[in-house]
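Source: prediction; values computed, not measured.
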Amino acid sequence: MQKINGKVLGVLGGMGPAAAAEFLRLLAVYAPAERDQEHPQVIMLGDTQLPDRSTAMLGEGESPLEPMREDFLKLVQWGADVLCSPCNSAHYFIDQFRHELPVPLVHIVDATLAEAQELSPEGAWLLGTQGTVRSGMYQERAREMGYALREPLPVAGELAEQSLREIKAGAFGQAGAVLRTAAEMLWEEAPVPLVLACTELPLAYGAARLPDDKAVSSLAALARACLAELYMEVQE
């Protein structure tokens, strides 16, 4: 049986709030636990005041880099042994100071692409914020892996942006309808799964009630990767 190994997970959330809440739910769902004490210890800092990541990536807004660095160091001071952030675009900035962090960070891009390659070795569509897609961080990692990651058609990319904005505003039904349109457009072009590289998009995908085996949730991938880091096999 697996047991928690005593590590504390520090989560930088708030980007956006619904995605961070869903991430915590998935940690509880996927944890190999039968009672409270077997679940991981988690500290979350929900910093909703961080500047918009995608806007900053496009050079049109204030950078969140310094406050994010401070938030991660605060989590370490509070006792975190492992760090993560359920926000894809945040990792563009995290990568610029990751080497300075005193504890390991579970990287959402690595976790998501590993699951994408396992689900669909022939490739997948990339969907995320405009900043995430234009930054190339997913595409660069996919090239290193030898994985065929398709950039979204322009209209589908715009619909994905609209969908994630609807989630941030709490309009889950509308978000699902918009994402369904984008997904069907992409699948008509090539019937490979979607890599949901924005943590609001899995919520929209769920609202759309689209097939589970036709998408890779970056939220779920990160949750599973964090649990793999936190748990260890214990001989009883």
Side-chain angles (χ1 to χ4, degrees), residues 9-24 42-78 80 82-113 126-144 149 151-152 154 157-170 175 195-204 218-219 221-222 225-226:
L9 178 64
V11 182
L12 178 55
M15 306 174 283
E22 175 65 5
F23 174 73
L24 294 181
V42 180
I43 303 169
M44 192 184 90
L45 173 54
D47 192 348
T48 57
Q49 301 307 301
L50 288 166
D52 185 80
R53 282 67 55 199
S54 185
T55 301
M57 291 163 78
L58 297 171
E60 299 172 359
E62 181 185 353
S63 172
L65 190 150
E66 286 304 325
M68 285 177 61
R69 189 206 314 262
E70 292 172 8
D71 283 346
F72 276 120
L73 293 176
K74 188 177 296 184
L75 284 166
V76 174
Q77 290 171 0
W78 290 350
V82 179
L83 299 170
C84 74
S85 180
C87 173
N88 285 274
S89 54
H91 285 68
Y92 174 82
F93 302 98
I94 291 170
D95 284 344
Q96 298 177 52
F97 61 81
R98 182 181 179 185
H99 64 284
E100 302 173 17
L101 297 173
V103 300
L105 179 132
V106 181
H107 203 287
I108 199 169
V109 176
D110 292 342
T112 304
L113 286 177
L126 174 65
L127 278 182
T129 65
Q130 191 177 44
T132 294
V133 174
R134 287 192 184 180
S135 75
M137 59 182 181
Y138 263 87
Q139 299 93 316
E140 181 178 350
R141 182 70 184 107
R143 281 193 293 271
E144 291 172 357
L149 191 61
E151 292 192 19
E158 291 170 8
L159 289 171
E161 284 266 12
Q162 181 184 343
S163 179
L164 67 91
R165 287 195 298 269
E166 298 287 1
I167 290 292
K168 289 181 183 294
V195 168
L196 303 175
C198 169
T199 49
E200 274 88 13
L201 290 180
L203 298 171
S218 55
L219 269 181
L222 181 63
C226 286

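With sequence neighbours excluded, no residue satisfies side chain to side chain donor-acceptor pair (under 3.5 Å) with Q77. Applying the side chain to side chain donor-acceptor pair (under 3.5 Å) rule to Q162 yields no partners; only residues at least two apart in sequence or on another chain are considered.
In this structure the side chain of H107 reaches within 4.5 angstrom of the side chain of D95, judged on heavy atoms. For the pair M15/S85, a side-chain contact is recorded, criterion being any heavy-atom separation below 4.5 Å from C-beta on. Annotation: side chain of R53 is not in contact with side chain of Y92 (no heavy-atom distance under 4.5 Å). Contact check for E200 versus K168: side-chain heavy atoms found under the 4.5 Å cut-off. Side-chain contact between L222 and T199 is absent, with no heavy-atom pair separated by less than 4.5 Å. Looking only at side-chain heavy atoms (C-beta outward), E66 and R69 come within less than 4.5 Å of each other.
Of all heavy-atom pairs between C84 and F72, the closest is O-CE2, 3.8 Å. Nearest heavy-atom pair, Y138 versus V109, reported as atom, atom and distance to 0.1 Å: CE1-CG2, 3.6 Å. The nearest pair of heavy atoms linking L73 to P102 is CD2-CD, 3.9 Å. The shortest non-hydrogen separation linking P152 to V133 is CD-CG1, 4.2 Å. Listed here is the closest heavy atom pair of P51 and P67: CD-CG, 4.4 Å. Nearest heavy atoms, P86 versus A20: CG-CA, 4.1 Å.
Test I94, T129, T55 against S89 for side chain to side chain contact (heavy atoms under 4.5 Å, CB included) and you get one pass: T129. Just one residue in the list V82, L83, L101 forms a side chain to side chain contact (heavy atoms under 4.5 Å, CB included) with L75, and that residue is L83.
Looking at S218, its side chain does come within 3.5 Å of a backbone N or O of L196 through a donor-acceptor pair.
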*From CA spacing to verdict: side chain to side chain contact (heavy atoms under 4.5 Å, CB included), L9, V106*: CA-CA 10 Å; L9 178 64; V106 181; 5.6 Å; no
*In sequence, state the C-alpha distance, the side-chain angles, and the governing distance for E144 and R141, and then conclude on salt bridge (Lys or Arg N to Asp or Glu O under 4.0 Å).*
CA-CA 5 Å; E144 291 172 357; R141 182 70 184 107; 3.3 Å; yes
*Under the side chain to side chain contact (heavy atoms under 4.5 Å, CB included) rule, what do L201 and S163 come out as? Steps first, then yes or no, please.*
CA-CA 7 Å; L201 290 180; S163 179; 4.2 Å; yes
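Expressed to the nearest 0.5 Å, how far CG of D71 lies from CG of L45 amounts to 4.5 Å. Here the CG atom belonging to D110 is positioned 8.5 Å from the NE2 atom belonging to H91, to the nearest 0.5 angstrom. Here the CG-CG distance, from L164 to L159, works out to 11.0 Å after rounding to the nearest 0.5 Å. Taking CG from L113 and CD1 from I108, the interatomic distance works out to 10.5 Å, rounded to the nearest 0.5 Å.
Using modelled atom types, one finds no donor on one side chain facing an acceptor on the other under 3.5 Å when comparing N88 with T132. Looking only at atom types and distance, the side chain of Q139 has a donor-acceptor partner in the side chain of E151 under 3.5 Å away.
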